[in-house]
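Notes for the one structure printed next.
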Amino acid sequence: MNPRNCRIDAEWQLLESLADANRSIFTQMTRLDDEFRFIMQESPAWVGKKSDSRAETKHALRYVYPRYYPSLPLEGYFVRPILHINVDPLTGFVCLWKNYRPAQTIVDAILITRAIMAGKAANWDSAHRMQQDAVMNPLPMPPLILSADCHPLMPQRSSRRRLVSEIPDHTSQERNFAFPDIE
């Protein structure tokens, strides 16, 4: 098995671990060769047109692993696009990575996706803006439980930034991790 496929296998195990700790949120998980699909429930995001927007809590997502993964980042897609400046209204592509690092995992991608859904993260750089007038009113997002074996690379909230290797081996919650602030 090549290193890319080994890494994708490890990514699937991380996703399964995250889903096991959050059974009411992750459903209908499917693994394809280069893609993971699932339904994320209890996770609000704005949908519809700006003039007729509404918050919905159930979303189908796809995470696609490109040919040269992990040198190239995994890609996230909403099957039905949400209203957010970093989500393409036609394809559902969500711009997850401002500064991608190959050590980032599906757990990082899901945490960033949920921060985007809740309106707590956005990349305001013009190259990453796909919806100019999207709704950005924050929504309450119930936290995920992160088991000890699926900590993200994202830094924990503290006076200094930490890497996952510095996180104690215990279960924590999503809200313990720092997200980029909306400017």
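In this chain, residues are counted from 1 in sequence order.
- Ser24 and Gln41 are not linked by any side-chain donor-acceptor pair at a separation below 3.5 angstrom, with hydrogens and angles left out of the test.
- To the nearest 0.5 angstrom, Leu74 atom CG is 5.0 Å from Ile106 atom CD1.
- Residues Ile8 and Tyr69 have side chains in contact (heavy-atom distance under 4.5 Å, counting atoms from C-beta outward).
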**Message:** Determine whether His84 and Trp46 satisfy the following criterion, side chain to side chain contact (heavy atoms under 4.5 Å, CB included), listing intermediate values before the conclusion.
**Reply:** CA-CA 8 Å; His84 190 279; Trp46 294 105; over 6 Å; no

**Request:** Mind running side chain to side chain contact (heavy atoms under 4.5 Å, CB included) on Asp108 and Trp97 for me, showing each step along the way?
**Result:** CA-CA 10 Å; Asp108 293 286; Trp97 314 109; 4.2 Å; yes

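- With Asn86 contributing its side chain and Asn123 its backbone, the two residues share a donor-acceptor pair below 3.5 Å.
- Taking hydrophobic clusters as Ile, Leu, Val, Met, Phe, Trp and Tyr residues chained together by side-chain heavy-atom distances below 4.5 Å, Val94 does not share a cluster with Ile39.
- Panel note: side chain Arg80, backbone Val47; no donor-acceptor pair is recorded below 3.5 Å.
- Pairing each heavy atom of Pro89 with each of Pro81, the nearest pair is O-CG, 3.4 Å.
- Both Met40 and Met29 sit in one connected hydrophobic cluster of ILVMFWY residues. Membership requires side-chain heavy atoms under 4.5 Å apart, directly or through other members.
- Closest approach of Tyr100 and Pro70 over heavy atoms only: OH-O, 2.8 Å.
- Between Ile145 atom CD1 and Arg23 atom CZ the span is 13.5 Å, to the nearest 0.5 Å.
- Annotation for Met130: hydrophobic cluster partners, listed by chain and number, are Val64, Tyr77, Phe93 (ILVMFWY side-chain heavy atoms under 4.5 Å, direct or chained).
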**Request:** Decide side chain to side chain contact (heavy atoms under 4.5 Å, CB included) for Glu75 and Leu96; before the verdict, give the C-alpha distance in whole Å, the side-chain angles of both, and the deciding distance to 0.1 Å.
**Result:** CA-CA 8 Å; Glu75 300 170 355; Leu96 295 171; over 6 Å; no

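- Side-chain contact between Leu15 and Tyr63: absent, with no pair of heavy atoms (C-beta onward) separated by less than 4.5 Å.
- Put simply, the side chain of Asp125 never gets that close to the backbone of His128: no donor and acceptor are under 3.5 Å apart.
- With hydrogens and angles ignored, the 3.5 Å screen pairs a side-chain donor or acceptor of Asp88 with a backbone N or O of Thr91.
- Side chain of Asp34 to backbone of Arg67: no donor-acceptor contact under 3.5 angstrom is found.
- Applying the salt bridge (charged side-chain N to carboxylate O under 4.0 Å, His left out) test to Glu35 and every residue at least two apart in sequence or in another chain returns Arg37, Arg62.
- Distance check, rounded to the nearest 0.5 Å: OG of Ser43 to CD1 of Ile110 gives 10.0 Å.
- Partners of Ala118 by side-chain contact (heavy atoms from CB on, under 4.5 Å), not counting sequence neighbours, listed by chain and number: Lys120, Met141.
- Closest heavy-atom contact between Pro44 and Pro140: CG-O, 3.0 Å.
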**Message:** Pair Thr105, Arg7 - check side chain to side chain contact (heavy atoms under 4.5 Å, CB included), show working.
**Reply:** CA-CA 9 Å; Thr105 68; Arg7 174 69 186 270; 4.1 Å; yes

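- Judged by distance alone, with hydrogens and angles left aside, the side-chain atoms of Gln131 form a donor-acceptor pair with the main-chain N or O of Ile82 at under 3.5 Å.
- Between atom CG of residue Leu146 and atom CG of residue Leu18 there is a gap of 6.5 Å, rounded to the nearest 0.5 Å.
- One N or O on the side chain of Arg114 and one on the backbone of Pro142 form a donor-acceptor pair closer than 3.5 Å.
- Ser17 places no side-chain N or O within 3.5 Å of a backbone atom of Gln13 that could act as its donor or acceptor partner.
- Salt bridge annotation for Asp9-Arg31: present, with a cationic side-chain nitrogen under 4.0 angstrom from a carboxylate oxygen.
- When each of His59, Arg54, Lys58 is checked for a side chain to side chain donor-acceptor pair (under 3.5 Å) with Glu56, only Arg54 meets the rule.
- The distance from the OH atom of Tyr65 to the CH2 atom of Trp12 is 9.5 Å, given to the nearest 0.5 Å.
- The structure places CD1 of Ile116 at 11.5 Å from CG of Leu111, a figure rounded to the nearest 0.5 Å.
- For Phe38 and Phe26, the gap between ring centers is short of 6.0 Å.
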